[in-house]
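First comes the structure, then the notes that go with it.
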Amino acid sequence: MANDKVSIHGSWASRWVFILAATGSAVGLGNIWKFPYMTGVYGGGAFVMMYLVCIALVGMPIMLAETLIGRRGRQSPVNSLKSLALDSGASPRWSWAALMGMVGALLILSFYSVVAGWSLDYIVGMGRGQFNGISAENAGASFGGLIGDPWRLTLWHTLFMVLTGFVIARGVVAGLERSLRVMMPLLFVLLLILLGYSFTTGHFMEGFHFLFSFQPEKVLDGVLAAMGHAFFTLSVGVGSIMVYGSYMPKKASIGATVLTVGILDTLVALTAGLALFPIVFAGGMEPGAGPGLMFITLPVAFGNIAFGQVMGTVFFILVMVAAWTSSISMLEPAVAYLVERTGRSRTLITSILALLCWLVGMGTVFSFNIWSEAKFFVFAVDGFHLFQWGAEGGKNFFDSIDYLTSRILLPLGGLSFVLFAGWVLGRDAVREELAFRSPVLFSLVYWLMRVVAPIGVLVVFVAELTK
Ligand code: PFF
């Protein structure tokens with residue numbers, strides 16, 4: 001029976017380690033950088049509500065599907081899907097979905113590492129007091145100076161990629177498990193320190209109202225963005241959660257575990273919002289700044305309030321740790337697959353893949369400076385161009401990879417995984433893996449996986465592409 005297999009890469013000591021690992025993957029720049037700024041841009045409470053609905057109805061069923069496929073297959077996502085498909089008499093081509101997800105994860109890592117690198121630069125800048133008393137204009141110029149300097153970006157990008165490769169190369173237990181046991185509690189402590197601090201700013205309720213006051217007329221504005229973000233923030237659709245599921249002990253309850261991860265991820269996003277917006281308001285700044293919220297607005301805010309230098313440094317360390325525990329989960333599916341496929345050492349494969357991601361990441365580094373005029377996907381009056389130098393519209397390298405992954409690869413991957421669990425694996429196999437006591441609960445969850453989640457993804461996917 002498929003369920004008796006053991007992963008050749010190792011196993012987590014308990015389901016708690018899976019929770020640490022999956023939460024580490026889920027909690028990242030998505031929670032601390034993207035979620036607050038998107039909430040700012042899409043008008044606060046209405047966006048938060050759509051986000052919660054998408055997490056519950058679509059994100060969680062997909063996460064459950066990935067975890068159970070991984071745990072039952074006990075191999076890298078590609079090989080788990082292949083062997084489970086064959087066991088169920090279906091086409092082994094289902095594994096292509098995992099292959100696509102794996103490439104998606106590597107592409108995300110390529111730019112994630114660059115952005116995470118910015119936080120390394122800010123740890124140093126904040127620590128040195130470079131932002132003390134800074135004006136918004138100077139903070140903007142300082143951020144512009146960073147992203148306009150390819151050498152500085154390359155330095156941090158390289159360092160971050162080395163940190164990621166280092167953990168992965170040491171293996172599932174000695175690398176991942178060991179570092180997650182330290183980094184995750186640290187992450188929670190840092191976040192709580194920051195939250196406590198935001199209480200003292202005198203603007204806590206202002207931040208609270210901004211996040212939770214519900215304005216019905218704004219609901220539709222952010223629904224597409226909320227769905228895309230639900231995928232990104234839960235790390236679903238690329239096989240990261242699946243590979244972590246394959247290291248999960250056989251006895252652990254998948255339902256309770258996955259629910260815990262989803263709740264923790266959501267709590268961190270909300271706590272980050274609750275911690276940051278009061279600081280933004282205390283510094284007299286606007287919440288709707290977009291991606292610059294974390295690198296321009298917040299430094300100004302930190303630079304102009306009491307203890308801002310220390311707290312700002314704490315904040316950017318938090319960002320770095322969160323990004324680190326996410327980035328390792330992007331590399332793991334491909335490393336596990338290539339180790340299985342080639343039998344070569346984990347260190348060698350990790351080095352090659354990290355180098356590859358680093359190289360692609362250089363495209364993102366240059367897209368902010370020397371290649372800012374290189375545009376892809378250009379729709380111009382004279383027709384469509386895949387690439388054009390200096391075009392008016394189009395996307396630069398970084399935006400193109402971001403678009404390709406979060407708007408196309410993640411939804412397609414998530415859809416394939418949930419369809420596989422819902423329609424191919426078979427009711428008995430799913431029931432056995434989930435091992436719910438209540439038949440009603442099982443039927444509800446199974447229905448979410450078979451019908452609600454796939455329709456949700458499809459609707460948003462099509463709406464997004466035709467926008
Ligand atoms: N969930 C991460 C975040 O919110 O930052 C991003 C992410 C991690 C996406 C791992 C995809 C992935 F495989």
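Note that the numbering runs from 1 along the sequence shown for the chain. As the structure is a computational prediction, the values presented were derived from the model and not from experiment.
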Between Arg15 (side chain only) and Met248 (backbone N and O only), is there a donor and an acceptor less than 3.5 Å apart? no
Atom pair OG1/CG of Thr405 and Leu109 - distance to nearest 0.5 Å: 11.5 Å
Relative to the ring of Phe35, is the ring of His229 parallel (under 30°), tilted (30 to 60°) or perpendicular (over 60°)? parallel
How many angstroms lie between atom CG of Leu259 and atom CG of Leu64, to the nearest 0.5 angstrom? 9.5 Å
Using the side chain to side chain contact (heavy atoms under 4.5 Å, CB included) definition, which of the options Ile62, Leu425, Leu68 pairs with Met449? Leu68
May I ask you to decide if Ser329's main-chain N or O and Ser240's side chain share a donor-acceptor pair within less than 3.5 Å? yes
Ring-ring centroid check Phe295 Tyr122, cutoff 6.0 Å: yes
Show me the pairs that pass salt bridge (charged side-chain N to carboxylate O under 4.0 Å, His left out) and involve residues 23-44, at least two apart or across chains. none
Rounded at 0.5 Å granularity, tell me how far CG in Leu180 sits from OH in Tyr244. 6.0 Å
Show the nearest heavy-atom pair for residues Ser110 and Leu107, with the distance to one decimal. OG-O, 2.6 Å
Who passes salt bridge (Lys or Arg N to Asp or Glu O under 4.0 Å) against Arg181, sequence neighbours left out? Glu177
So does Leu163 get a backbone contact from the side chain of Trp324, meaning a donor-acceptor N/O pair under 3.5 Å? yes
Please confirm whether the backbone N or O of Gly24 pairs with a side-chain atom of Thr325, one donor and one acceptor, at under 3.5 Å? yes
Nearest heavy-atom neighbours spanning Val27 and Val268: CG1-CG1, 3.7 Å
Enumerate the ring-ring contact (aromatic ring centres under 6.0 Å, His included) contacts for residues 446-467, please, sequence neighbours excluded, ordered by first and then second residue. Phe442-Tyr446
Under a 4.5 Å cut-off applied to non-hydrogen side-chain atoms, are Val58 and Val452 in contact? no
Quick one: sort the Phe212 and Phe208 rings into parallel, tilted or perpendicular, breaks at 30° and 60°. tilted
As an exercise, state the distance from OG of Ser25 to CD of Glu332, rounded to the nearest 0.5 Å. 11.0 Å
Taking side chain to side chain donor-acceptor pair (under 3.5 Å) as the cut-off, I'd like each qualifying pair that reaches into residues 296-311, sequence neighbours left out, listed once. Asn132-Gln309
Nearest non-hydrogen partners of Ser179 and Val167, listed with the distance: OG-CG1, 3.4 Å
Taking side chain as C-beta onward, heavy atoms only, is Ser406 less than 4.5 Å from Phe231? no
Under the side-chain contact (heavy atoms from CB on, under 4.5 Å) test, residues paired with Ser113 that sit two or more places apart: His157, Phe160, Met161
Does Thr233 have any side chain to side chain donor-acceptor pair (under 3.5 Å) partners at least two apart in sequence or in another chain, and if so, which? Asn31, Asp265
May I have all residue pairs that pass salt bridge (charged side-chain N to carboxylate O under 4.0 Å, His left out) and include part of residues 400-421, sequence neighbours excluded? Arg407-Glu464
Name all residues meeting the side chain to side chain donor-acceptor pair (under 3.5 Å) criterion together with Thr158; count only those two or more places apart in sequence or in a different chain, and write none if there are none. Trp358
Please walk me through it: do Ile32 and Leu318 pass side-chain contact (heavy atoms from CB on, under 4.5 Å)? CA-CA 9 Å; Ile32 305 174; Leu318 166 76; 3.9 Å; yes
Quick check against the 3.5 Å criterion: does Ser80 have a side-chain atom that pairs as donor or acceptor with the backbone of Ser76? yes
Ile134 versus Pro299, closest heavy-atom pair with distance: CG2-O, 4.2 Å
Distance in Å, Phe18 CZ paired with Leu20 CG, rounded so as to fall on 0.5 Å steps: 11.0 Å
Whether Tyr197 and Phe302 hold their rings parallel, tilted or perpendicular, with breakpoints at 30° and 60°: parallel
Of the non-hydrogen atoms in Phe398 and Ser367, which two are nearest, and what is the gap between them? CB-OG, 3.3 Å
Tell me the closest heavy-atom pair linking Asn396 and Asp399, and the distance in Å. OD1-N, 2.8 Å
side-chain contact (heavy atoms from CB on, under 4.5 Å) against Ser119, all qualifying residues, sequence neighbours excluded: Phe316, Val319, Met320
Above 12 or not: heavy atoms from other molecules or residues under 6.0 Å from CZ of Arg128? no
Value for CG (Leu448) from CD1 (Ile455), rounded to nearest 0.5 Å, stands at 11.5 Å
I'd like to check the side-chain contact (heavy atoms from CB on, under 4.5 Å) partners of Glu286; sequence neighbours left out, ordered by chain and number. none
Test: salt bridge (charged side-chain N to carboxylate O under 4.0 Å, His left out). Region: residues 148-170. Which pairs qualify, not counting sequence neighbours? Asp121-Arg152
In the structure I gave you, are the side-chain heavy atoms of Tyr37 and Met294 within less than 4.5 Å of one another anywhere? no
Is the backbone of Gly237 close enough, under 3.5 Å, to the side chain of Glu66 for a donor and an acceptor to pair up by distance? yes
Under the rule for side chain to side chain donor-acceptor pair (under 3.5 Å), what residues qualify as partners of Ser246, not counting sequence neighbours? none
